[in-house]
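First listed ligand is number 1; within each ligand, the first listed atom is number 1.
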Amino acid sequence: MNEQQFIEALKEKGIELTQVQIDQFKKYFELLVEWNEKMNLTAITDLEGVYLKHFYDSISASFYFDFSKVTTVCDVGAGAGFPSLPIKICFPHLHVTIVDSLNKRINFLNHLSEQLNLDHVEFVHARAEEFGQNQKYREKFDVTTARAVARLSVLSELCIPLVKKGGYFVALKAAAGPEELKDAKKAIATLGASLNQEFAYLLPVEESERTIYIFDKIKETPKKFPRKPGVPNKSPIQ
Ligand SMILES: C[S@@+](CC[C@H](N)C(=O)[O-])C[C@H]1O[C@@H](n2cnc3c(N)ncnc32)[C@H](O)[C@@H]1O
């Protein structure tokens, strides 16, 4: 997907990019490629791949979840900023907090946000397990989202504690989504959330499967979650 196809595909979905936003995506691509020469940020570095599999794929969450109705978004394990920063570029009113356990990625995000003139963004170097026990962040976000971080049973424990009651957990998943959901049912209920909607679709061009899950936070997460770093992965809630 080249830049023009990206602009048109978004327009079809009701997102009309301004020149400022088009330039922000252009700069994002350039910086990603430049920094990727010094550090491993992504395996995808060709223009068409980045616009499709990083930018468009991230923004596709907004075709199913209306980001204009929320303000605060936390992205757990965003790496080079996916999915939250392409969404932030399209929905500039959002206040985005990214937590990632790799400091070099946080350094990239700080530089990127300066170059792109993004406001209301915060990048935190931490494990999501500890971040979710920090009272400054716990149950404070309208939305928590994540892509390609962990299977849903584990990811739920990293993400759901951060969502305020009445907010949402929006999980971007690939073909294994339905299988992961089956294994995560107990964890999702234990953590205080409930499945609201799911949308299966194909990414354009290469037609790979995607599923977006939208969970409602219906009650407070019990204090013991998230457990210590590594525990959710080693012993997912059963
Ligand atoms: C495969 S990358 C995916 C990055 C991005 N979400 C994407 O879709 O391109 C996974 C990221 O999650 C981060 N991560 C993994 N486990 C984490 C944890 N427990 N707390 C915070 N970050 C974590 C890693 O440092 C890495 O940047």
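- With ligand atoms numbered from 1 in the order given, ligand 1 contributes 14 (N), 17 (C), 21 (C), 22 (N), 23 (C), 25 (O) to contacts under 4.0 Å with heavy atoms of S101.
- Counting the atoms of ligand 1 from 1 in the order shown, those under 4.0 Å from a heavy atom of A148 are 1 (C), 2 (S), 3 (C), 8 (O), 10 (C).
- There is a side-chain donor-acceptor pair under 3.5 Å between Y137 and E122.
- Between F82 and Y28, a ring centre-to-centre spacing shorter than 6.0 Å is recorded.
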Extract all donor-acceptor atom pairs below 3.5 Å that involve side chains of residues 154-161 and protein atoms in other chains or at least two apart in sequence.
residue	atom	partner	partner atom	Å
S156	OG	L152	O	2.7
E157	OE1	R227	NE	3.4
E157	OE1	R227	NH2	2.7
E157	OE2	R227	N	2.8
E157	OE2	R227	NE	2.9

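- For the pair I188 and K186, the minimum side-chain heavy-atom distance is 4.5 Å or more.
- Residue, atom and distance of the protein heavy atom nearest to atom 19 (N) of ligand 1 are E129 OE1, 3.0 Å.
- Close N/O approach between P83 and ligand 1 is not found [any backbone or side-chain N/O within under 3.5 Å].
- R138 has its side chain within reach of T221: a pair of non-hydrogen atoms, C-beta onward, lies under 4.5 Å apart.
- Among the candidates N134, T97, T144, the single residue satisfying the side-chain contact (heavy atoms from CB on, under 4.5 Å) test with L162 is T144.
- The protein atom (non-hydrogen) at minimum distance from atom 11 (C) of ligand 1 is G77 O, 3.4 Å.
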Test log, rule side chain to side chain contact (heavy atoms under 4.5 Å, CB included), inputs E180 and R151: CA-CA 6 Å; E180 290 187 26; R151 60 195 189 278; 3.8 Å; yes

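- The ligand atoms of ligand 1 that sit less than 4.0 angstrom from a heavy atom of R127 are 19 (N), 20 (N).
- At the top of the distance list for atom 8 (O) of ligand 1, counting protein heavy atoms only, stands R147 NE, 2.6 Å.
- Distance from atom 15 (C) of ligand 1 to its nearest protein heavy atom, with residue and atom name: V149 CG1, 3.9 Å.
- Considering only non-hydrogen protein atoms, atom 18 (C) of ligand 1 sits nearest to A128 N, 3.8 Å.
- Below 3.5 Å of separation, one finds an N or O of R105 facing an N or O of ligand 1.
- Taking distance alone, with nitrogen or oxygen atoms compared against 3.5 Å, V99 stays at or beyond that limit from ligand 1.
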Derivation and outcome, salt bridge (charged side-chain N to carboxylate O under 4.0 Å, His left out), residues E3 and K26: CA-CA 8 Å; E3 188 196 50; K26 200 174 284 192; 3.5 Å; yes

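- Atoms of ligand 1 lying under 4.0 Å from any heavy atom of G79, numbered from 1 in the order shown and given with element: 4 (C), 27 (O).
- For ligand 1, the atoms closer than 4.0 angstrom to any heavy atom of A78 are 4 (C), 5 (C), 6 (N).
- Assignment of A126 to the shell around ligand 1 is supported, since a heavy atom sits closer than 4.0 Å.
- If you check which protein heavy atom lies closest to atom 25 (O) of ligand 1, you get D100 OD1, 2.6 Å.
- When ring centroids are compared, F65 and F67 come within the 6.0 Å threshold.
- Between the side chains of E114 and N110, no donor-acceptor pair is found at a separation under 3.5 Å.
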